[in-house]
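One structure below.
Just follow the structure's listing: the first ligand is 1, and inside any ligand the first atom is 1. Here, residue 1 is the first one in the sequence, and each next residue gets the next number. Nothing here was measured: the structure is a model prediction, and the numbers come from that model.
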Amino acid sequence: MTAHTLRNAPNLDPYFMPFTANRQFKAAPRLIAGAEGMHYITVDGRRIVDGSAGLWCVNAGHGRQTIADAVARQLTTLDYAPSFQMGHPLAFEFAERLAELAPPELDRVFFTNSGSESVDTALKIALAYHRARGEGTRTRLIGRERGYHGVGFGGITVGGIVGNRRVFPQLAGADHLRHTHDLARNAFTRGQPEHGAELADDLERLVALHGAETIAAVIVEPMAGSTGVLISPKGYLERLRAICDKHGILLIFDEVITGFGRLGTPFASQFFGVKPDLFTTAKGITNGSVPMGAVFASRAIYDGIMKGPENLIEFAHGYTYSGHPVACAAGLATLDIYAAEGLLTRAAEMAPYWEEALHSLRGLPHVIDIRNIGLVGAVELESRPGAPGTRAYDVMVDCFGRDTLIRVTGDIIAMSPPLIVERSHIDTIVASVADALKRIA
Ligand code: PXG
């Protein structure tokens, strides 16, 4: 073993790892010690192409010097400032810069520290808005099967991943739309699936069941990432928007993954041409460098909440670290990189090559679907009888043992490289998956 390896061989016991099979991992750990550009460097010094932008967050690639410099400068200029009844200029500047990227009039920005916090914040803004306009009966929140909205109690209530919900109590009164994943009709689609717009009509059924006057908001991911890249069918989001408008229900897009260029536009709402009332972000907002999130609200919602005596707090919500100066500094440096390198639209340029490369995997063993949008792709595998999830997991381990990091969920391989990806990296990622598929039984 090299000295490098020894330095990075910690005691694995005390760390209770998140969303990890702790015992399985600790028996055969995968440890990353460094990162630069498109690559991770493992503790044993191997370079691995990052096929997942970390966890969908390192959109500008790793080790960006200007972000590091901005963070270092900020730590010695203003390390922390209270955000309640106080402010610091960077938070206002960052909010303004973010607002410039957002769809028109969707430009009031509330800072959080993660995607989960953004989701809970957006749900609370929706409730506060209805309450402020005298529709306090609108408390019901609607999510969707196979949705992932983080791990707060609000997020798991509207989320639709059984394993994340089963053990925990949830907020009362929520309900769910059906998911849109339909391999029977849409397998091997490039871009948006043809079939499934009518699934948005589930919202009409829920309105008929519960009464519109009880429903505050619907939250969906425009592209569901965590449950395996489920892309909104053509016309689906438009239909959901129309039904929400008809019944006075707010539409929330969870853009924690799709935000900051993943689909080739700054936000997915611009890609799909459908405008929500609120949308959540995190991850790419600081290129994954410092924890941060932001909720974007329409002016109508913001103005609707700005009611009552001016000396009273209009929205009783916020975090110690909302608008943290260091996170704002990282975020501003990140936006500068995105602008200078055209990264928020680069996925659109790379998408055709990405699409061709991914779909070249068709016909390999166990592949039952391939789908793609922007710089996101998924390969769905037939599950081993009686052992769902094990096949894709083996593919992931095989790829990591060679040269590529991918994500898997169930038997779906998800890929979402940093937006600086070049064709050669795409070739490596796809070849790595192809080789693994040929090896793994
Ligand atoms: N909403 C969406 C749509 C997400 O994808 C969250 C909320 C929660 O964000 P935080 O920052 O609280 O984790 C997410 C997070 C994966 C994967 O491999 C996806 C996420 C997180 C970790 C892994 O698909 N998404």
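Scanning the protein heavy atoms around atom 15 (C) of ligand 1, the nearest turns out to be Tyr148 CE2, 3.4 Å. Looking only at protein heavy atoms, the nearest one to atom 18 (O) of ligand 1 is Arg407 NE, 2.4 Å.
At distances below 3.5 Å, at least one donor-acceptor pair connects side-chain atoms of Asp50 with backbone N or O atoms of Gly54. Remark: side-chain polar atoms of Gln74 are not paired, donor with acceptor, to backbone N or O of Ala330 under 3.5 angstrom.
Rounded to the nearest 0.5 angstrom, Ile125 CD1 and Ile301 CD1 are separated by 7.5 Å. Put simply, NE2 on His317 and CG on Asp120 are 7.5 Å apart, with the number rounded to the nearest 0.5 Å.
The shortest N/O to N/O separation between Lys283 and ligand 1 falls below 3.5 Å. In terms of polar-atom proximity, Gly225 is not counted as a contact of ligand 1, lacking any N or O under 3.5 Å from an N or O of the ligand. Checked by distance only, ligand 1 and His149 stay at 3.5 Å or farther apart across all their nitrogen or oxygen atoms. Taking only nitrogen or oxygen atoms, main chain and side chain alike, Trp56 reaches within less than 3.5 Å of ligand 1.
In this pair, Phe111 and Phe94 present their aromatic rings parallel. The plane angle is below 30°, not in the 30 to 60° band. In this pair, Phe296 and Phe279 present their aromatic rings parallel. The plane angle is below 30°, not in the 30 to 60° band.
Contact between Leu55 and ligand 1 is present, with at least one heavy atom of the residue lying under 4.0 Å from the ligand.
Distances below 4.0 Å separate heavy atoms of Ser116 from the following atoms of ligand 1: 8 (C), 9 (O), 10 (P), 12 (O). Which parts of ligand 1 touch Gly115 is read off a 4.0 Å heavy-atom cut-off, strictly below it: atoms 8 (C), 9 (O), 10 (P), 11 (O), 12 (O). For ligand 1 and Ser114, the ligand atoms under 4.0 Å from any heavy atom of the residue are 11 (O), 12 (O). Close approach of ligand 1 to Asp254 (heavy-atom distance below 4.0 Å) involves ligand atoms 1 (N), 2 (C), 3 (C), 7 (C). Residue Glu221 approaches ligand 1 through these ligand atoms, each under 4.0 Å from one of its heavy atoms: 3 (C). Heavy-atom contacts of Ile257 reach the following atoms of ligand 1: 5 (O) (cutoff under 4.0 Å).
Contacts between Ser226 and ligand 1 below 4.0 angstrom, taking non-hydrogen atoms only, involve backbone and side chain alike.
Using a 4.5 Å cut-off on side-chain heavy atoms (C-beta onward), His149 and Glu221 make contact.
Aromatic rings of Phe253 and Phe272 (six-membered ring for Trp) have centroids beyond the 6.0 Å cut-off, not under it.
Both the sub-6.0 Å distance and the 45° axial angle are not jointly satisfied by Arg346 relative to the ring of Tyr338.
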